[in-house]
Amino acid sequence: MTPLAKNSPKERDGALLVAVAAGDRHALEELYLGYHRRLARFLSRFTPRYENVEEIINDTFMVVWQNAKDFRSASQVSTWIIGIAYRTALKSFRRQKNHAGAQSLEDYPEQTVDPTVEAEVSDWLTHGLRLLPMEQRLTLELAYNMGHSLEEIAAITECPVGTVKARMFHAREKLRQYLPNLGGTPSDMPARLG
Amino acid sequence: MSNHRRFENTADHREISALIPWYVNDTLDERERARVDAHMGECVSCRADLSVNQRIFDGIAARPTLDYMPMASLKRLRARLDAAQRQISPASIVPAPLKHDESPWRGWIAASIAAMTVAVALLAADRWVQFEARSSQANYRTVTSSVPRPAGEVIRAVFSPTITLDQLQALLDEAQLKIVSGPTEAGVYSLASNSRLTVRSSLALLRRHSTVRFAEATSEPDSGNTP
């Protein structure tokens, strides 16, 4: 166990990044192993291919290696690293989308499904999330999958808080319209569904 | 005008509605949480919205996740770092000072940087010598090439990158094998026998699985293993 291990995760990450900035490859590897599982779980929501997940994670840590000296202590190391991963992923997914052809919920304005059993809700959710615009989906996953606060998501995505709220609002509205009965009986939501 | 209509027209309602996702993921501070709680008691529309978001949150949390083994990916990152480092001249790998720790310590920092520069220059020189030594060797290795073998190695295997730790452990248990080294940059694991099962039997058990990309004995497979 290194002396860093007894500190809090935040302090440990900070100390590791200082070491990375000084050219310490072992510190970079320790950071990599600390973040790999979290990033892989997050990114695998967007691409079924592990090769793509690995490419994004490794691209992220190449940027961490090259730019560690530019890190400002004003933000958290975790926010900084996840922000790099976010931008790397966004670029990668846009490239993939160009190959796969555009598809979004706007392409299916009238499409809704009516799940009668819980298992179908899960299928719907998986399908509905895939059809959201990438920025909205990433914002929703950062909140609901990674558990980030509003301010953290603003820092990760380098957007004003208002933009994060707006992306989340549109994502929620589209998902709600895609599955009107998700929140209970239609009488619970007369204004939205009318 | 109904209750929910009355609330939907207020700025407070719009603000609270926008905070619902972070109420659900429990990252609001106490003051904001109290505001949302108070509003929920009065607004039917926000309660319905909360119910929708809670189900989305639960649905996302309930999706199955795969855990990937990071070591093979880390090996490939190391290879990229090595390649990037080879493109940089040794003199230019001296790191720039950190910017987040400025005055009134400039004098000390300057002295530290000077000391660090000397240390890094020595390190760079050492790495250069190591690099030169490495450059004189072949920079590739085949899976079956003759290299010093880890103690007890009887089989070399490559697994699918998507194999989970649980799957790998179950597979090794079934084939009565244990990892003694690896993965290499090519993702090759060295495996030793864990029992009296013959190498041939262990190989056959491994090769039955689609997650095993490659498996070969490193000695005569028909010989029994020493426990």
Side-chain angles (χ1 to χ4, degrees), chain A residues 18 21-23 25 28-29 32-33 36-37 40-41 44-45 49-51 53-54 57-58 61-62 65-66 68-74 121-122 124-126 129 139-141 143-145 147-153 162 165-166 168-169 171-172 175-176 179 182-184 188-192, chain B residues 2 4-5 8 15 17-22 24-29 32 44-45 47-63 65-74 76-78 80-81 84-85 93-101 116 120 123-124 160-162:
Chain A
V18 169
R25 285 265 293 260
L28 182 79
E29 292 184 6
Y32 183 93
L33 294 174
H36 184 278
R37 178 188 166 105
R41 281 186 163 202
S44 61
R45 298 299 191 196
R49 292 169 59 88
Y50 178 67
E51 288 83 353
V53 170
E54 179 191 289
I57 294 175
N58 284 6
F61 276 86
M62 285 299 289
W65 175 247
Q66 287 155 359
K69 62 185 180 301
D70 296 327
F71 173 74
R72 302 289 193 277
S73 297
V121 174
S122 172
W124 159 80
L125 190 56
T126 302
L129 287 169
T139 303
L140 196 128
E141 293 273 5
Y144 284 177
N145 180 10
H148 285 292
S149 71
L150 174 59
E151 292 74 18
E152 285 169 346
I153 296 174
K165 283 182 181 172
M168 190 61 121
F169 173 80
R172 289 157 59 199
L175 289 178
R176 182 206 279 272
L179 184 65
L182 185 68
D188 285 336
M189 300 170 279
R192 311 269 185 184
Chain B
S2 67
H4 76 265
R5 289 267 184 225
E8 278 191 5
E15 263 182 56
S17 175
L19 292 177
I20 285 175
W22 293 281
V24 170
N25 82 357
D26 200 19
T27 56
L28 292 182
D29 63 33
E32 286 173 321
V44 174
S45 173
R47 283 203 298 276
D49 206 5
L50 177 61
S51 169
V52 171
N53 278 275
Q54 189 62 56
R55 291 193 69 188
I56 293 172
F57 179 78
D58 292 342
I60 286 176
R63 288 177 302 172
T65 52
L66 285 175
D67 278 331
Y68 301 104
M69 291 184 298
M71 291 314 294
S73 302
L74 178 58
R76 283 185 277 275
L77 177 69
R78 283 178 187 150
R80 282 180 65 179
L81 289 165
Q85 204 154 354
I93 62 171
V94 177
L98 293 175
K99 292 176 182 171
H100 63 274
D101 202 8
M116 212 160 71
V120 172
L123 182 66
S160 160
T162 57

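Residue numbers start from 1 in every chain, and the chains themselves are labelled A, B, ... in the order their sequence lines are given, proteins ahead of strands.
Looking at A:Leu33, only its side chain comes within 4.5 Å of chain B, counting heavy atoms on both sides. Contacts between A:Leu129 and chain B at a heavy-atom distance below 4.5 Å involve the side chain alone, from C-beta outward. With a threshold of 4.5 angstrom between heavy atoms, B:Leu50 does not approach chain A through any atom at all.
A distance of 2.5 Å separates OG of B:Ser73 from OH of A:Tyr50, quoted to the nearest 0.5 Å. Atom CZ of B:Phe57 sits about 12.0 Å away from atom CG of A:Leu125, to the nearest 0.5 Å. Atom CE of B:Met71 is separated from atom OH of A:Tyr32 by 9.5 Å, given to the nearest 0.5 angstrom.
No other option in A:Arg49, A:Met62, A:Lys165 has as many heavy-atom pairs under 4.5 Å with chain B as A:Met62. Ranking A:His36, A:Arg45, A:Glu151, A:Glu152 against chain B, the residue ahead of the rest is A:Arg45, based on heavy-atom pairs under 4.5 Å.
No side-chain heavy atom of A:Phe61 sits under 4.5 Å from any side-chain heavy atom of B:Leu74. The closest side-chain heavy-atom distance from B:Asp49 to A:Arg172 is below 4.5 Å. Proximity of B:Ile60 to A:Glu141: side-chain heavy atoms (C-beta onward) are separated by under 4.5 Å at one or more points. Counting heavy atoms from C-beta on, the side chains of A:Trp65 and B:Leu77 never come closer than 4.5 Å.
Across all non-hydrogen atoms, the minimal contact from A:Arg25 to B:Arg78 is NH2-O, 3.6 Å. Between A:Ala143 and B:Trp22, the shortest heavy-atom distance links the atoms CB-NE1, 3.9 Å.
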